Amino acid sequence: KFKKLLGFLVKKIQEYKKTGNVLDIGCSSGILLGLLKNAGYKTYGIEPNKQAYLKAKERFGSAIFQGTLDKFILKNTKKFDVIIYNHVLEHIYNPRQELEIVRKILKKDGILVIGLPNTSNLIFYLRGKYWESLMPKEHIWHFSKNLLINLLESLNFQITNTYYSNHDRSDYALPKKIYFSILSILNKLFNTGEAILLIIKHKKQDNKL
């Protein structure tokens, strides 16, 4: 299931950038990086967790940095064609400051890819504090679609495309499975979902600089 979701992410990246330098921020053990490398990209990763970092380093060597983006840029002069936050931005204390750094290291024709839980959906409204994606001990921020887009636009990014998905509850008991299937269908009818994936670029006027 997890690799299927990551495969979808790789496919979407390929639609916008066929090759280039990719930075996966919060790359964990490097599963997504492996898929991207196999697809022909030059891959780099940042991972603060020591155990996950060591696993990624075994596969990718010096292309993996242990720490955070603000420390990474002190030792890195590269610019990137693709920068990814795959369910990571909600864990970061200061998303605005983080994205300000991203603007500096993302190439003018590059893409920023952000995937995270979306509170603007019917299942969250109905489940409230019981919604699986809240994870209050791990997630510092809970983004609605509008909050995320307003943040990005205030930093002079533009949204190129938006994709939604809902949790896979195929292992639930039949009555619950039917219930959530109906809610997922309603989410689709309202053009939303429990998770949002955004493809983002610099605003066009920036490309003239």
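Small disclaimer: the values here were computed from a predicted structure and weren't measured.
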Between the side chains of E194 and Y164, does any donor sit under 3.5 Å from an acceptor?
-> no

W131 and N121: side chain to side chain contact (heavy atoms under 4.5 Å, CB included), yes or no, with the steps?
-> CA-CA 11 Å; W131 186 46; N121 81 88; 3.7 Å; yes

Pick out which of I25, D24, I200 makes a side chain to side chain contact (heavy atoms under 4.5 Å, CB included) with I83.
-> I25

Is there a donor in the side chain of S144 and an acceptor in the side chain of N146, or the other way round, less than 3.5 Å apart?
-> no

Under-4.0 Å salt bridge between K12 and E15 = yes

What's the verdict on side chain to side chain contact (heavy atoms under 4.5 Å, CB included) for L198 and L152, showing C-alpha distance, side-chain angles and the deciding distance?
-> CA-CA 10 Å; L198 297 177; L152 289 162; 3.8 Å; yes

Rounding to 0.5 Å, atoms CD1 (I84) and CG (L23) come to a distance of 8.0 Å

Under 3.5 Å, is there a donor-acceptor pair linking the side chains of Y16 and N161?
-> yes

Test salt bridge (Lys or Arg N to Asp or Glu O under 4.0 Å) applied to D171 and K177, step by step = CA-CA 8 Å; D171 57 346; K177 193 186 300 184; over 6 Å; no

Mark yes or no for whether R96, through its side chain, and L151, through its backbone, hold a donor-acceptor pair below 3.5 Å.
-> no

Which is it for I73 and K104 under the side chain to side chain contact (heavy atoms under 4.5 Å, CB included) test, yes or no, and what are the steps along the way?
-> CA-CA 10 Å; I73 60 169; K104 298 175 183 177; 6.0 Å; no

Lys/Arg-Asp/Glu bridge criterion (N-O < 4.0 Å) met for E132, R169 = yes

Distance, nearest 0.5 Å, that separates CG of N118 from CG of L148 = 8.5 Å

Under a 4.5 Å side-chain heavy-atom rule over Ile, Leu, Val, Met, Phe, Trp and Tyr, are I92 and Y53 clustered together?
-> no

Going through the checks in order, is the side-chain hydrogen bond (donor to acceptor under 3.5 Å, both in side chains) test met by Y85 and E90?
-> CA-CA 9 Å; Y85 285 86; E90 63 269 32; over 6 Å; no

Provide the full list of ring-ring contact (aromatic ring centres under 6.0 Å, His included) pairs with a residue in residues 17-48, sequence neighbours left out, each pair given once.
-> Y44-F80

Would you check if there is a donor-acceptor pair between the side chains of R59 and S29 at a distance under 3.5 Å?
-> no

In sequence, state the C-alpha distance, the side-chain angles, and the governing distance for F65 and E47, and then conclude on side chain to side chain contact (heavy atoms under 4.5 Å, CB included).
-> CA-CA 6 Å; F65 176 83; E47 176 52 51; over 6 Å; no

Nearest-0.5 Å distance, CD1 of residue I13 to CG of residue L32 = 6.0 Å

Any salt bridge between K42 and D81, counting N to O under 4.0 Å?
-> no

Any side-chain heavy-atom pair from H202 and Q158 closer than 4.5 angstrom?
-> no

Hey, does I114 have a side-chain heavy atom less than 4.5 Å from the side chain of L99?
-> yes

Distance-only donor-acceptor check, side chains N166 and N187, under 3.5 Å = yes

Out of curiosity, N21 CG to T43 OG1, how far, rounded to the nearest 0.5 Å?
-> 9.5 Å

Any chance the side chains of S133 and H142 put a donor and an acceptor closer than 3.5 Å?
-> no

Answer yes or no: is there a side-chain heavy-atom contact under 4.5 Å between T162 and I196?
-> yes

